[in-house]
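Note that the structure is predicted; figures quoted are calculated from it, not measured. Worth knowing before you read on, the calculation uses all heavy atoms, side chains too, and leaves out hydrogens, waters and symmetry mates. Sequence positions, counted from 1, serve as the residue numbers for this chain.
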Amino acid sequence: METLSQSKRRAVPFTTLDIVLMAMLATANAVLTFYLSYINKMLNSLGGPVSTSTIVGVYMVYGLLAYYIIRKPGTAAITYGIGGAIQCFVGNTYGIAASIVAALCYLVVAEAVFFLLRYKRWNAGAMMLVGGAMVPIWFICAANMFGYTSWSFQVLAITMVVRIISGIVLCGLLTKVLGDMLQRSGLLKRFAIGRKASADAGNFH
């Protein structure tokens, strides 16, 4: 049974730096999404929906990266929320509804998985699990919004598998790699990931 002290530790408020980082990552994603739309069109012309599915993990990485760095409940809700709002204002090729629904799907799944992990697991396996888990719900929503339901079952199944793999690798694993690189650079000393690294280093010595 969870103690009151454990609940308080999880209810750590966000700092100004946390909020700034989340906003920066969300803004960077809005810019990235603009350029990814051109890559998406190129991939679609080359191999249809299966080819375009290879890069879907990149669209989700900003929110998971924020969570990996900040490590506080609600990080995904805020980061993906900001990201969805920014995309609604600046616009994208997928439309306002898609931006909102995608952000909601990502934040709900990410928050649920980290809750189940009790905010204690931050290894590559955990990041890859979250990256893959964020895919199915949004795929189901997108299938109904963009007419994917007209595809054959085989194409839908292959597309789903490719997207999950992309989520695992280009969202989950990439988050771990980017986060660790930034941590080693010394830029994240004032965030949870930096404090954990410093504590581990102190224990090692």
What pair of heavy atoms forms the shortest contact from [X] to [Y], and how long is it?
X    : Y    : answer
Q183 : G194 : CG-CA, 4.4 Å
A110 : A76  : CB-CB, 3.7 Å
A133 : V109 : O-CG1, 3.3 Å
T159 : P49  : CG2-O, 4.1 Å
I193 : G179 : CD1-O, 3.8 Å
C171 : M134 : SG-CE, 3.7 Å

Out of curiosity, [X] [atom1] to [Y] [atom2], how far, rounded to the nearest 0.5 Å?
X    : Y    : atom1 : atom2 : result
L65  : T75  : CG    : OG1   : 11.0 Å
M127 : L178 : CE    : CG    : 12.5 Å
I168 : L174 : CD1   : CG    : 14.0 Å
L182 : L188 : CG    : CG    : 5.0 Å

F146/W151 aromatic ring centres below 6.0 Å: no
Mind checking whether [X] and [Y] have side chains closer than 4.5 Å, heavy atoms only?
X    : Y    : result
Y106 : L64  : no
M145 : W138 : yes
I55  : L36  : yes
L156 : F139 : yes

Do [X] and [Y] land in one hydrophobic cluster if side-chain heavy atoms of ILVMFWY residues count as linked below 4.5 Å?
X    : Y    : result
L129 : V56  : no
V61  : V31  : no
L170 : I39  : yes
L104 : V101 : yes
L21  : M60  : yes

Keeping [X] on the side-chain end and [Y] on the backbone end, is there a donor-acceptor pair under 3.5 Å?
X    : Y    : result
N44  : K41  : no
Q87  : I100 : no
R195 : R190 : yes
S166 : G57  : yes
E111 : G74  : yes
K72  : P13  : yes

Lys NZ or Arg CZ of R71 over Y67 ring: under 6.0 Å, within 45°: no
No-hydrogen, no-angle side-chain donor-acceptor test under 3.5 Å, S37 and N40: no
Intermediate values then yes/no, side chain to side chain contact (heavy atoms under 4.5 Å, CB included), L117 and W122: CA-CA 9 Å; L117 294 176; W122 305 101; over 6 Å; no
Parallel, tilted or perpendicular: rings of Y59 and Y94 (30°, 60°): perpendicular
Parallel, tilted or perpendicular: ring planes of Y38 versus F34, cut at 30 and 60 degrees: perpendicular
